[in-house]
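Here is the structure we will look at, set down as structure tokens.
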Amino acid sequence: MAQLNLPDTLHTILIVSAAEHAALARMLARLELGVRVVNRGDSALAAIADDGVALVLLDVALAGSARLELLPRLAHAAPGRALPVLVMSAAPSEEERERALQAGAAGYLRLPCAPEEIVEKIQIELTVRHAWPDLPRGELPDVATLEVNYHTLLAGSPDAILLFDAVRGTPIDVNRNAERLFGRTSAELMRLRLADLCPPAQPDGTPSREAIDALLHKVLGGEVRVFPMTFQHSSGRAVDCEIRLVMLEQHGMRLLHMRLVDVTGQRLAEALRTGQNALLEMVARGAPLTETLNRLLLLMEAQAPGVVCTIQLLDEDGKTVRPGAAPSLPPEYLQALDGIAVGPRAGSCGTAMFLREPVIAADIARDPLWEGYRELALRHGLRACWAVPILGDASTVLGSFAIYYRDARMPRTEDERLVDVAVHLAGIAIERTRREAELARHRGHLEELVLARTAELRHAKEQAEQASASLAAALDNLRLTQDELVRRDKLAALGALVAGVAHELNTPIGNSLTVASTMSEHLATLKSRLHAGLRRADLEQYLEAAGEADGVIVRNLTRAGRLIASFKQVAVDTASSQRRRFRLDEFIAELVLPLLAATPQPRPKVRQQIAPDLVMDSYPGPLGQALSALFENAVVHGLAGRDDGTVTIAAHGLDDGAIALSVSDDGAGIAPEHVARVYDPFFTTRPGAGAAGLGLHITHNIVTGVLGGRIALDSTPGLGTTFTLTLPAVAP
């Protein structure tokens, strides 16, 4: 942005608006212009009276009524000169624009508008006003005077700028950047119309003359913005530009100030990005390698007109060159290089692959690397070459990418970016193809392995079928054997039970039988003495013996009755058990009282740790019988001989809805060798103490049968024993 050459007394831009203009102020500061912002009309008039204001930006919302009465007052508020006022409107219309221009506005800006466009409008307005001398209206300025004044502005601009006479349609001044842009001298440009600087048609197919007419119509309507336009260099090369056209009226002349920015590089960069995405998509969907490489090389050649690109591939042996792609060269060029060996003098490509580094041949006609291939290259018009190896990794060369020039020269610096992109994309495509080929080979090998393995499996299947038949026969025999073993186990268990019953009943019944036999002898003796004369002493002796015998028989028969009742409990009877819903904490509390009452002194302490709200739908009778047996086992076996023992009854709910109920003591514990037999019928560690060894056996049957749960034992000698019942809340 060129600095303005203004009088020293004019250095301020007055903005009359209620909106924020920070970005605009920063941009004006680069032109060494100050900014003053006011939001009232009287404040604006006062600011102008202070002098130093070069231009006013007026928001139409603060310009008064529909007649915009503030505008002419501002324009004539500066003594001795007409102050330019640019009107800004957030709701622009043609009617409002006409009213503003009639009221004395120098220009009309349609909002929203980019700050740089506003700055450009200000710069043009101030330059025109202060670069040309004031001449009487209707008198054209001298061309020499115009050249000197306006050319100073154009020469300092970094962009290409042309000043057109809108009536004649030809430039009246251009800067050096415009000459460079079009490749023409200023004298040539002065003779050409704007449409003559364009190709016959724009990229969208619109004829250039129609596009120019439409653009001028917009500018004449007061529109100031960026327009895309494609021009043509004198060499025929297309030049994509962004163009700004501003209509100026000065001393009766209608002038077009045109600024052009070459965006060809941006368009090429956009085309490169689009092409890269398309190539990556081709690689992703598995397009043929030759098709992908040809598309890549055409993209690179479009980015650098005049060059020819090729890709050579390195065979998997790491020594032999294979054809890749060269869409702008005849097929015989790559075919002629097919099969050559890489080496230190194998042209640019073969040498680059051999050395794993870039190789530049600035003049193929003289470079010794091309000694064996010089005629081939020159025959196809190739004079210089820059080859870069395509690497898969640090130790793997996939091929080479080469740029050929039609004249002897060194590579251009702008080609380096293209080479990097091309080598990267080519590496992806080639490596993907190699991986797919390798996978195909592995797939073929895998199919061979599958066929061989299938044959092995088929043979194994036949053997397995034979073995299966043998196993089926063995299984039948095993099933018969198992059934026989189960039957024997049942018979053995029944025999053990019968033997236990016989053993337990033998003592009371034998005692009763002995006493009865003795009393039978006493009775026979008494009868024999009765005929000879019975004495009182004989009768008293008999009665004493009968009383003792009666006591013995009653005790033994009572014991036998208790044993028979215990035996009956071995077979759990669910039919006679009453099922109901009950709270476990209340049930345990009611059960503990009679258990303690029936326990002889010294009684243990009983702790109840029952979680509240545990409800069971089960058989309270069998459950109480099982808990009583466990409590009795803890007192008789665990706490025997102790007066400070503790029995703990605890219960809590489990995650699966079941209930864990435990009875534990801190007594002597169970010896490890006895743990596996505690549930066996008639097993007891205190024989002769009145216990039949059926308590835990019956408990096991109740828990696993009636209650549908399971029982677990945890005991440590000297520390105590815990029986844990895992019971469903709803019994089966």
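Note that the structure is predicted; figures quoted are calculated from it, not measured.
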To check you understand the geometry: which heavy-atom pair defines the closest contact between [X] and [Y], and what is its length?
X	Y	answer
Ala325	Leu297	O-CD1, 3.2 Å
Ser348	Ala361	OG-CB, 3.6 Å
Cys349	Ala402	SG-CB, 3.6 Å
Ala25	Val35	CA-CG2, 3.8 Å

Original post:
What residues, two or more places apart in sequence or in another chain, satisfy side chain to side chain contact (heavy atoms under 4.5 Å, CB included) together with Leu83?
Top reply: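 Per chain and number, Leu83 pairs via side chain to side chain contact (heavy atoms under 4.5 Å, CB included) with Ile48, Val53, Val56, Ala78, Arg81.
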State, with a plain yes or no, whether a side-chain heavy atom of [X] is found less than 4.5 Å away from one of [Y].
X	Y	answer
Trp370	Cys385	yes
Met353	Leu398	no
Asp363	Arg383	yes
Leu260	Val239	no
Arg295	Thr292	no
Pro411	Ile360	yes
Gln276	Val421	yes
Phe164	Ile172	no

Main-chain N/O of [Y] paired with [X] side-chain donor or acceptor, under 3.5 Å:
X	Y	value
Arg67	Ala103	no
His380	Leu382	no
Glu188	Thr185	yes
Ser186	Val174	no
Glu242	Val261	no
Asp173	Leu163	no

Original post:
Does a side-chain N-to-carboxylate-O contact under 4.0 Å join Arg412 and Asp415?
Top reply: yes
Subject >> Enclosure of Arg40 CZ (heavy-atom neighbours >12, cutoff 6.0 Å) >> reply: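 No - once you tally the heavy atoms of other residues, nucleotides and ligands closer than 6.0 Å, there are 12 at most.
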Subject >> ring-ring contact (aromatic ring centres under 6.0 Å, His included) contacts touching residues 170-214 (sequence neighbours left out) >> reply: Phe182-Phe231
**OP:** Output, in order, the C-alpha distance, side-chain angles, deciding distance and verdict of salt bridge (charged side-chain N to carboxylate O under 4.0 Å, His left out) for Arg110 and Glu94.
**Re:** CA-CA 10 Å; Arg110 303 169 186 266; Glu94 285 299 318; 2.7 Å; yes
